[in-house]
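As structure tokens, the structure follows; a few thoughts come after it.
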2 protein chains.
Amino acid sequence: MKTAVPERVKGVCCPPSIPLSIAKVDACVDVLKALADPTRLQMVGALKRSSQPVCICDFTAAFDLSQPTISHHMAKLRDAGLVEVTKRGIWAYYRLADRLEPRTRALLDVLV
Amino acid sequence: MKTAVPERVKGVCCPPSIPLSIAKVDACVDVLKALADPTRLQMVGALKRSSQPVCICDFTAAFDLSQPTISHHMAKLRDAGLVEVTKRGIWAYYRLADRLEPRTRALLDVLV
DNA sequence: CCGTTCCATTGACAGTTGTCTATGGGTTTG
DNA sequence: CAAACCCATAGACAACTGTCAATGGAACGG
């Protein structure tokens, strides 16, 4: 029964008891921060569902946000390693990163 | 070949072409925001690994943060519906929420 | 070569977030 | 009751974030 609370002794609170998994936490948090925004989450979802790289101008049209804001959000996804860009002529085409970590891939499969 | 970029016509950029899945995005983002912090992510991980509810004083001891800050982080996890509390005497025991949405559960399985 | 188109960067600004100190409330113990 | 203990809330403050307008750079077309 998981809800049966452990016994405690007053004043003996707070031994350093919790095993924390500090490794990879920061990297994980960076990915979560990148995804924790409505615009960026929808961007990633659209890229994941698309069979082709998507021109960023389409995102500029799809969201009610200025072009610099869209560019800014995409830059955050780039910095997090989630997306990659191919420039062709005056256009910039984005896609999900080719070599996502398996955990990150699994995360996207759950999310979008 | 997913990297073959689509053709474009100059000036015809930005048709309203991207199908966005607006539903549930905000709810999803709320969960992601709650998890997108090193302290909170480790808290959730510790709760997930623990077979018993964990006294919040243990978190106060485990992290190099003040007691109100720990309480504040746990409140954020509560507000996001990720954890639940049982009070007993002067102690507050936290655990993962009993009825997490399947998607949220899957998210935690990937993350922690 | 010059204007047009698309994209990224910069700078500014308001709103949110993480942290602390201070305080108060509830529970147990002397 | 009074003191000690644990926890949550309130207030303050610095740091970060999301947004926009303005600017500049690169590529294309006449």
Side-chain angles (χ1 to χ4, degrees), chain A residues 5-15 17 25-26 29-43 53-80 83-95, chain B residues 5-15 17 25-26 29-43 53-80 83-95:
Chain A
V5 302
E7 292 300 321
R8 281 280 173 176
V9 179
K10 196 175 168 183
V12 194
C13 192
C14 305
S17 56
V25 167
D26 286 346
V29 165
D30 286 342
V31 172
L32 289 173
K33 277 187 191 300
L35 295 172
D37 175 275
T39 305
R40 293 197 293 269
L41 187 61
Q42 290 182 80
M43 282 175 162
V54 177
C55 181
I56 197 172
C57 66
D58 286 342
F59 289 111
T60 302
F63 295 98
D64 196 22
L65 293 170
S66 68
Q67 176 266 320
T69 299
I70 297 296
S71 188
H72 162 77
H73 282 305
M74 199 58 92
K76 289 224 166 188
L77 293 177
R78 256 192 292 121
D79 292 344
V83 305
E84 292 166 352
V85 63
T86 301
K87 300 200 177 183
R88 175 155 172 173
I90 56 175
W91 295 287
Y93 297 89
Y94 282 86
R95 63 188 183 281
Chain B
V5 301
E7 291 300 320
R8 281 280 173 177
V9 179
K10 197 173 168 184
V12 193
C13 193
C14 304
S17 56
V25 166
D26 286 347
V29 164
D30 287 341
V31 173
L32 289 173
K33 277 187 191 298
L35 295 172
D37 175 276
T39 304
R40 294 196 292 269
L41 187 60
Q42 292 182 79
M43 281 175 162
V54 177
C55 180
I56 197 174
C57 67
D58 287 340
F59 290 111
T60 302
F63 294 98
D64 195 22
L65 293 170
S66 70
Q67 176 266 320
T69 298
I70 297 295
S71 188
H72 161 78
H73 281 305
M74 199 59 92
K76 288 224 166 189
L77 294 177
R78 256 192 292 120
D79 292 344
V83 305
E84 292 166 351
V85 63
T86 302
K87 301 199 176 185
R88 174 156 175 173
I90 57 177
W91 293 287
Y93 297 88
Y94 282 87
R95 64 188 182 282

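Chain naming here is simple, since letters A, B, ... match the order of the sequence lines and numbering starts at 1 in each.
With sequence neighbours excluded, the residues forming a side-chain hydrogen bond (donor to acceptor under 3.5 Å, both in side chains) with A:Glu84 are A:Arg95, listed by chain and number.
The residue B:His73 sits close only to the backbone: its heavy atoms come under 4.0 Å of sugar-phosphate atoms, none of a base. Contacts of B:Ile56 with the nucleic acid, taken as non-hydrogen atoms under 4.0 Å apart, involve only primed sugar atoms and P, OP1 or OP2.
Taking the side chain as every heavy atom from C-beta outward, B:Met43 and B:Ile70 approach each other to under 4.5 Å. Looking only at side-chain heavy atoms (C-beta outward), A:Arg8 and B:Tyr93 come within less than 4.5 Å of each other. In this structure, B:Asp26 and A:Pro38 have side chains that are in contact, with non-hydrogen atoms separated by less than 4.5 Å.
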Where along nucleotides 21-27 of chain C does protein come under 4.0 Å, by heavy atom, of base (B) or sugar-phosphate alone (S), with - for untouched nucleotides? BB---BB

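Out of D:dG18, C:dT9, C:dT19, the shortest distance to the side chain of B:His72 is found at C:dT19. Closest to the side chain of B:Arg40, from the set D:dC7, C:dC7, C:dG18, is C:dG18. Looking at the side chain of A:Leu65, the nearest of the listed nucleotides C:dT17, C:dC7, D:dT19 is D:dT19.
By the 4.0 Å N-to-carboxylate-O rule, B:Lys76 lies too far from B:Asp30 to be salt-bridged with it.
Contact between the side-chain N/O atoms of A:Lys33 and the OP1/OP2 oxygens of C:dT17 is not found at any separation under 4.0 Å. Applying the 4.0 Å criterion to OP1 and OP2 of C:dA8, one finds that A:Tyr94 has a side-chain N or O inside that range. Between C:dC7 and A:Tyr93, no contact under 4.0 Å exists linking OP1 or OP2 to a side-chain N or O.
The CZ atom of A:Arg8 sits 13 Å away from the C1' atom of D:dC7 (whole-angstrom rounding). The NZ-C1' distance, from B:Lys87 to C:dT28, rounds to 16 Å in whole Å. Look at CE on A:Met74: it is 16 Å from C1' on D:dG18, rounded to the nearest Å. A straight line from NZ of A:Lys76 to P of C:dA8 spans 16 Å, rounded to a whole angstrom. The separation between B:Asp26 atom CG and D:dG18 atom P is 14 Å, rounded to whole Å. Per the geometry, CG belonging to B:Asp79 stands 15 Å off P belonging to C:dT16, to the nearest Å. C:dC20 atom P lies 13 Å from atom CZ of B:Phe63, rounded to whole Å. Distance, B:Trp91 CH2 to C:dT29 C1': 11 Å, rounded to whole Å.
Cysteine sulfur proximity is satisfied for A:Cys13 and B:Cys57, their SG distance being under 2.5 angstrom.
Residues B:Arg78 and A:Asp37 both approach DNA chain D. Their nearest nucleotides, taken by heavy-atom distance, put B:Arg78 toward the 5′ side.
Looking at A:Lys33, its side chain does come within 3.5 Å of a backbone N or O of B:Ala36 through a donor-acceptor pair.
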